[in-house]
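Worth saying up front: this structure is predicted, and the values here are computed from it rather than measured. Just so you know, these numbers use all the heavy atoms, side chains as well, and skip hydrogens, waters and symmetry mates.
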Amino acid sequence: MGMFNIREPKRYEHKYIYYDERKEKLEKIEESARRDLGMVSQETFNPESIRGKFVEGTKHLKRRKENGGPRMSVQLTVVIIAALLFILHWLVTGELFF
């Protein structure tokens, strides 16, 4: 049984020695107050601003986004459903024709 018990390495956990949570909270509050008052532009780093940047960087993803993504036509959907129903009928009854 020892062959299947593969030990995983211990995960690295970085703990700060000198960390002031209060200072960080105050900086966040000050930054949000500056933004609300218009003293700082909204274009500073925002994690939500990254969203969509990778799609804009590639041509094929940009085209896919403009087209609304890949879509399946109604006709193809009907054909696939009919084929699946035919296969289900064949598996249940063993007959090829209705």
Side-chain angles (χ1 to χ4, degrees):
M1 292 295 165
M3 185 170 75
F4 297 108
N5 293 335
I6 299 173
R7 292 183 53 169
E8 292 185 16
K10 193 173 186 181
R11 300 218 181 249
Y12 179 73
E13 196 172 312
H14 181 71
K15 295 180 183 175
Y16 290 105
I17 298 172
Y18 304 107
Y19 179 68
D20 191 6
E21 292 179 15
R22 184 173 173 263
K23 182 179 177 183
E24 187 173 319
K25 286 180 184 178
L26 284 173
E27 287 175 358
K28 285 183 182 179
I29 292 170
E30 286 177 4
E31 183 69 26
S32 64
R34 285 189 187 119
R35 273 198 213 111
D36 291 343
L37 294 174
M39 298 172 80
V40 177
S41 66
Q42 294 286 344
E43 297 177 5
T44 57
F45 176 74
N46 185 5
E48 294 178 3
S49 66
I50 294 176
R51 209 173 275 174
K53 296 296 181 186
F54 297 107
V55 173
E56 293 173 1
T58 57
K59 293 178 184 176
H60 67 282
L61 290 176
K62 195 183 302 184
R63 267 187 261 129
R64 176 181 265 182
K65 185 177 180 183
E66 289 172 1
N67 294 338
R71 297 207 175 139
M72 195 182 316
S73 66
V74 176
Q75 295 87 2
L76 182 62
T77 307
V78 170
V79 170
I80 290 173
I81 291 173
L84 289 174
L85 286 173
F86 178 74
I87 292 171
L88 179 67
H89 173 73
W90 176 65
L91 288 173
V92 171
T93 62
E95 298 176 2
L96 287 176
F97 301 104
F98 290 99

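- With sequence neighbours left out, the side chain to side chain contact (heavy atoms under 4.5 Å, CB included) criterion links L88 to V92.
- Hydrophobic clustering, defined by side-chain heavy atoms of Ile, Leu, Val, Met, Phe, Trp and Tyr closer than 4.5 Å, leaves I29 isolated from every other such residue.
- Side-chain contact between R34 and E31 is present, with at least one heavy-atom pair separated by less than 4.5 Å.
- Other residues sharing the hydrophobic cluster of L26, ordered by chain and number and joined by side-chain separations under 4.5 Å: none, the residue standing alone.
- Among residues two or more places apart in sequence or in another chain, the side chain to side chain contact (heavy atoms under 4.5 Å, CB included) test is passed with L76 by M72, S73, I80.
- Each of L85, L84, V79, V78 was checked for a side chain to side chain contact (heavy atoms under 4.5 Å, CB included) with I81, and the lone residue meeting it is L85.
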Taking distance alone, no hydrogens or angles, what donor-acceptor pairs closer than 3.5 Å link side-chain atoms of residues 15-23 to residues at least two apart or in another chain?
from : atom 1 : to  : atom 2 : distance (Å)
Y19  : OH     : E24 : OE1    : 2.8
D20  : OD1    : R22 : N      : 3.4

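- Residues H89 and E95 approach most closely at CD2-O, 3.8 Å, considering heavy atoms.
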